[in-house]
Amino acid sequence: MDAMMWVWIIIGILVVLLIIGLIVFLGRKRKHAHDQEKRREDHDRADRIREEAHAKDLEAREREARAARADADAQQAEVDAERLRKEAEQRQNDAQGLRRETEEHTRHADEIDPDVRNDQGKGSDRKNDADPGRSGRH
C-alpha cells in the first residue's frame with residue numbers, strides 16, 4: 001500500500017465523517033424545527049384552552065348571577081305571599097266582623113219588629129194578627 005492509497009482512504013473516511021456530520025446536523029436542525037413547531041402548536045393550544053376557560057368562567061359567573069337573581073326573586077315572592085296571606089286574613093277577619101255586625105243588626109231589627117215571629121215561639125205571629133183577612137176577623 002502506497003501513500004496515495006492511504007490518502008484516498010483518509011479522504012474517504014473524512015467524506016464519510018462529513019456525510020455523517022451533515023446528516024446529524026440536518027437531523028438536529030429538523031428536530032429543532034419540529035420542536036419549535038410543536039412548541040408553537042402547544043402554545044396556541046394552551047391559548048385556546050385559556051380562552052375556553054375564560055369563556056366558561058364568564059358563563060359560570062353569569063349563571064351564578066342568574067341564580068342569585070332567581071333566589072332574590074323567590075325570596076321576594078315569599079315576602080309578597082306572606083304579605084298577601086296577612087292581607088287575606090285581615091280581610092277575612094273584617095268580613096267576619098261585618099257578618100257578625102249584620103247578624104246583630106238583623107237580630108235587633110227582628111226583636112223590635114212587631115211583624116216578625118220570635119224564634120222560640122213565645123210571641124204570636126203579629127203579622128197574621130194585624131192582617132184582618134188572614135186572622136178571620138172583620
Side-chain angles (χ1 to χ4, degrees):
M1 276 202 183
D2 62 352
M4 199 56 166
M5 182 79 125
W6 281 107
V7 170
W8 283 110
I9 291 176
I10 292 176
I11 290 175
I13 291 174
L14 289 175
V15 169
V16 169
L17 288 176
L18 184 66
I19 291 173
I20 291 174
L22 186 62
I23 290 172
V24 169
F25 174 75
L26 291 176
R28 283 187 181 174
K29 186 176 179 182
R30 241 168 110 191
K31 185 177 182 322
H32 181 68
H34 177 72
D35 289 347
Q36 288 292 344
E37 180 64 25
K38 178 143 176 49
R39 286 184 71 205
R40 196 172 315 121
E41 288 173 1
D42 289 346
H43 180 72
D44 291 345
R45 188 173 53 162
D47 283 345
R48 282 192 305 273
I49 291 171
R50 282 187 199 98
E51 288 174 7
E52 289 173 5
H54 182 69
K56 287 182 180 182
D57 181 56
L58 285 176
E59 183 179 344
R61 286 191 283 169
E62 286 176 0
R63 287 183 181 188
E64 288 170 348
R66 283 194 298 263
R69 279 194 300 271
D71 185 49
D73 290 345
Q75 289 177 1
Q76 183 64 47
E78 289 173 3
V79 168
D80 292 343
E82 181 64 25
R83 183 179 43 78
L84 288 173
R85 273 193 289 279
K86 286 182 180 181
E87 186 178 320
E89 184 178 306
Q90 181 61 43
R91 288 183 179 184
Q92 183 67 27
N93 290 339
D94 291 347
Q96 288 174 351
L98 186 58
R99 171 137 344 256
R100 281 190 299 271
E101 186 179 319
T102 302
E103 289 172 355
E104 182 62 33
H105 282 105
T106 302
R107 219 178 354 261
H108 181 65
D110 288 348
E111 287 174 2
I112 62 173
D113 188 356
D115 291 337
V116 173
R117 170 181 262 174
N118 189 335
D119 288 343
Q120 296 169 345
K122 292 181 181 176
S124 63
D125 188 357
R126 295 186 180 217
K127 189 169 189 176
N128 286 337
D129 291 342
D131 188 2
R134 289 188 166 216
S135 65
R137 293 188 246 161
H138 280 298

Should V15 and I23 be counted in the same cluster of Ile, Leu, Val, Met, Phe, Trp and Tyr side chains packed under 4.5 Å apart? yes

Contacts of type side-chain hydrogen bond (donor to acceptor under 3.5 Å, both in side chains), residue E87, not counting sequence neighbours: R91

Who else is in I20's hydrophobic cluster (ILVMFWY, side-chain heavy atoms under 4.5 Å, direct or via others)? V16, V24

Using side-chain heavy atoms (C-beta onward) and a distance below 4.5 Å, is R83 in contact with D80? yes

Can you sort out the partners of Q75 under side-chain hydrogen bond (donor to acceptor under 3.5 Å, both in side chains), two or more places apart, ordered by chain and number? D71

Residues sharing L26's hydrophobic cluster, by side-chain heavy-atom contacts under 4.5 Å among ILVMFWY, directly or via others? L22, F25

Taking only residues two or more places apart in sequence or in another chain, which ones pass salt bridge (Lys or Arg N to Asp or Glu O under 4.0 Å) with D73? none

According to side-chain contact (heavy atoms from CB on, under 4.5 Å), who are the partners of D94, at least two apart in sequence or on a separate chain? Q90

From the list V7, L14, I13, side chain to side chain contact (heavy atoms under 4.5 Å, CB included) partner of I10 resolves to L14

Going through the distances and angles, do R39 and D35 end up as a salt bridge (charged side-chain N to carboxylate O under 4.0 Å, His left out)? CA-CA 6 Å; R39 286 184 71 205; D35 289 347; over 6 Å; no

Those residues that, when tested against D44, pass salt bridge (Lys or Arg N to Asp or Glu O under 4.0 Å) (two or more places apart): none

Does the side chain of Q96 come within less than 4.5 Å of R100's, by heavy atoms? yes

Partners passing side-chain hydrogen bond (donor to acceptor under 3.5 Å, both in side chains) against R28 (at least two apart in sequence or in another chain): none

For H105, which residues count as a side-chain contact (heavy atoms from CB on, under 4.5 Å) partner, sequence neighbours excluded? E101

Reported CD1-to-CZ distance for the pair I112 and R107, which is rounded to 0.5 angstrom: 13.5 Å

Lys/Arg-Asp/Glu bridge criterion (N-O < 4.0 Å) met for E82, R85: yes

Between the CZ atom in R99 and the OG1 atom in T106, the distance rounded to the nearest 0.5 Å is 10.0 Å

Value rounded to 0.5 Å, distance of CG in D57 from CD in E62: 10.0 Å

How is the hydrophobic cluster of L58 composed, in terms of its other members, when Ile, Leu, Val, Met, Phe, Trp and Tyr link through side-chain heavy atoms under 4.5 Å apart, directly or indirectly? none

With sequence neighbours excluded, tell me which residues meet side-chain hydrogen bond (donor to acceptor under 3.5 Å, both in side chains) with R30. none

Residue that, paired with R40, satisfies side chain to side chain contact (heavy atoms under 4.5 Å, CB included) out of H43, K38, Q36: Q36

Distance check, rounded to the nearest 0.5 Å: I49 atom CD1 versus K56 atom NZ? 10.0 Å

Residues in side-chain contact (heavy atoms from CB on, under 4.5 Å) contact with R63, at least two apart in sequence or another chain: E59, R66

